[in-house]
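The structure appears right after this line, and notes come after that.
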Amino acid sequence: MKNNPNQAKNGGDFLHRFLQFLAPVLFWIVIWEIASLLIGREVLLPSPLRTLSRLGELLPTAAFWQKTLSSLVRIGLGTLGGILVGVLLAMLTKSFKPADLLLSPAIRVMRTIPVTSFILLVLLWVRKDITPGVIAGMMALPLIWESTLAGLAAPDPLLLEMAKTYEMSRARQWRLIRIPALMPHFLSGLSGAIGLSWKAGIAAEVLCVPAMAIGKEVYQSKLYLETVDLFAWTAVVVILSLLIEAITKKLIVKAVAKWK
Amino acid sequence: MEIKNLTFAYPLSDQKIFDGLTLSVPIEPGEIVALKAPSGAGKTTLLRLLAGLETPASGTIECPPCAFLFQEDRLIPRLSARNQLRAVLPSAATDAAVAVAADIDSYLTLVDLQGDTDTLVEELSGGMKRRLALARAIAFAKETGRDLLLLDEPFTGVDAARITSILASLRRLNFRVFLTAHEESILALADRVIALESKG
């Protein structure tokens with residue numbers, strides 16, 4: 001039986017891509033292991049194996065999943081709120097000049113304020129279990145506002161003139177011209193907003209220490225010098241962050257292809 | 001159509017496109033009148049003024065309601081040929097979907113696009129897109145009861161046989177057609193040619 005040259009090529013490509021991904025990861029794990037051996041004190045730098053082992057102990061527990069889901073829901077709802085408000089404010093900014101004059105500088109300043117300042121301020125005004133969601137929303141809002149605004153300005157003016165000349169209803173103009181022009185911009189902003197909101201939300205949980213939260217576990221492990229736990233929970237944050245970004249990117253690429 | 005003492009310049013431009021232009025263009029039903037002018041003389045501007053898309057600085061324009069064909073195709077991305085027409089037809093919003101579809105297909109047949117009713121606009125050639133834009137203008141005129149068509153360079157990229165056929169159909173449908181063209185072959189097919197010599 002002859003070997004299929006295409007199969008051999010595809011297998012080779014996959015192995016090459018897998019090695020390209022795995023090699024840097026393995027390299028840095030080895031560096032981490034060497035560093036932990038050289039330092040020799042787990043309280044300062046636990047080894048990768050110790051961290052993985054601790055993660056293995058946490059994963060089967062109900063408490064782990066409760067805290068993880070709780071953080072995801074808390075931050076997810078806040079992000080959704082930020083997205084909705086960002087879209088509404090963008091439409092307001094586009095439609096009314098006074099709104100543009102008032103909102104544009106305020107939202108641009110929002111993007112420059114350090115996250116920790118935001119967290120400490122919001123903590124003064126709302127309950128600590130709500131603060132991370134509010135922070136996630138406040139991180140998403142400027143990105144969504146800016147990308148939606150760009151999308152609202154995107155429709156081809158020649159098409160809009162055609163629509164007006166042919167007396168197309170506003171509903172049809174929106175459905176056939178404005179929304180398709182808006183979507184690639186909005187989806188691009190959404191991708192950035194989701195990643196940023198997740199990270200800022202976790203940072204807020206560390207500072208606010210709400211009950212049933214990943215951020216609380218990170219804070220307490222630092223407080224009690226349980227460095228292995230700190231590394232394990234940080235790994236959870238990183239893995240979830242990568243998963244959220246990967247899933248969001250995949251969904252957005254699909255959606256953008258539909259609107260292009 | 002009547003134009004009296006028309007003066008027009010584009011915003012932010014000192015140069016007047018028209019300065020005191022007076023023109024009378026009576027068109028009978030079923031008649032095709034062509035506007036001939038060198039490039040840059042203002043053919044497109046004149047049509048846009050007649051269609052009410054531009055406002056003159058001074059003078060008066062009398063023109064009945066019309067359907068306008070832009071110099072660019074201005075077709076909506078990702079829509080099929082049939083849906084390009086549905087998008088501008090008021091009756092497409094009702095539930096008489098089958099009847100509307102039959103009418104739309106007849107407009108596409110008029111421009112020889114009957115085999116591409118479900119083809120996306122991105123998959124059409126330049127000439128096909130031009131014919132589709134023309135079909136849209138004709139469909140809009142018919143559905144809104146307008147018998148005047150103002151067509152800016154309607155046959156760019158369209159072959160001679162199809163041009164003859166389309167013009168014959170427009171005559172048969174009793175449209176009054178005012179079009180711009182610079183090709184002598186198209187001007188020769190019109191019933192009358194009006195020359196716009198220079199600006200103003």
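Scope of the values below: all heavy atoms of this structure, side chains included, with no hydrogens, waters or symmetry mates. Here is how names work: the chains are called A, B, and so on, in the same order as the sequence lines, proteins then strands, and each is numbered from 1.
For a residue to count as touching a neighbouring chain, one of its non-hydrogen atoms must lie under 4.5 Å from one of that chain's; by this rule B:L75 touches chain A with the backbone only.
Within residues 58-70 of chain B, the residues that have a heavy atom under 4.5 Å from a heavy atom of chain A are B:F68, B:L69, B:F70, listed by number. At a heavy-atom cut-off of under 4.5 Å, chain A is reached by no residue from residues 158-167 of chain B. The contact list for residues 144-169 of chain A toward chain B, using heavy atoms and a distance under 4.5 Å, reads A:L158, A:L159, A:E161, A:M162, A:T165, A:Y166, A:E167, A:M168 by residue number.
Enclosure of atom OH in B:Y10 by more than 12 non-hydrogen atoms of other residues, nucleotides or ligands within 6.0 angstrom is indicated.
Residue with the most contacts toward chain A among B:A137, B:G52, B:A51: B:A137 (heavy-atom pairs, distance under 4.5 Å).
Within the structure, every pair that satisfies the salt bridge (charged side-chain N to carboxylate O under 4.0 Å, His left out) test and touches residues 22-34 of chain B, not counting sequence neighbours, is listed here: B:E31-B:R192.
In plain terms, the two heavy atoms of B:A87 and A:R172 that are nearest each other are O-NH1, 2.7 Å.
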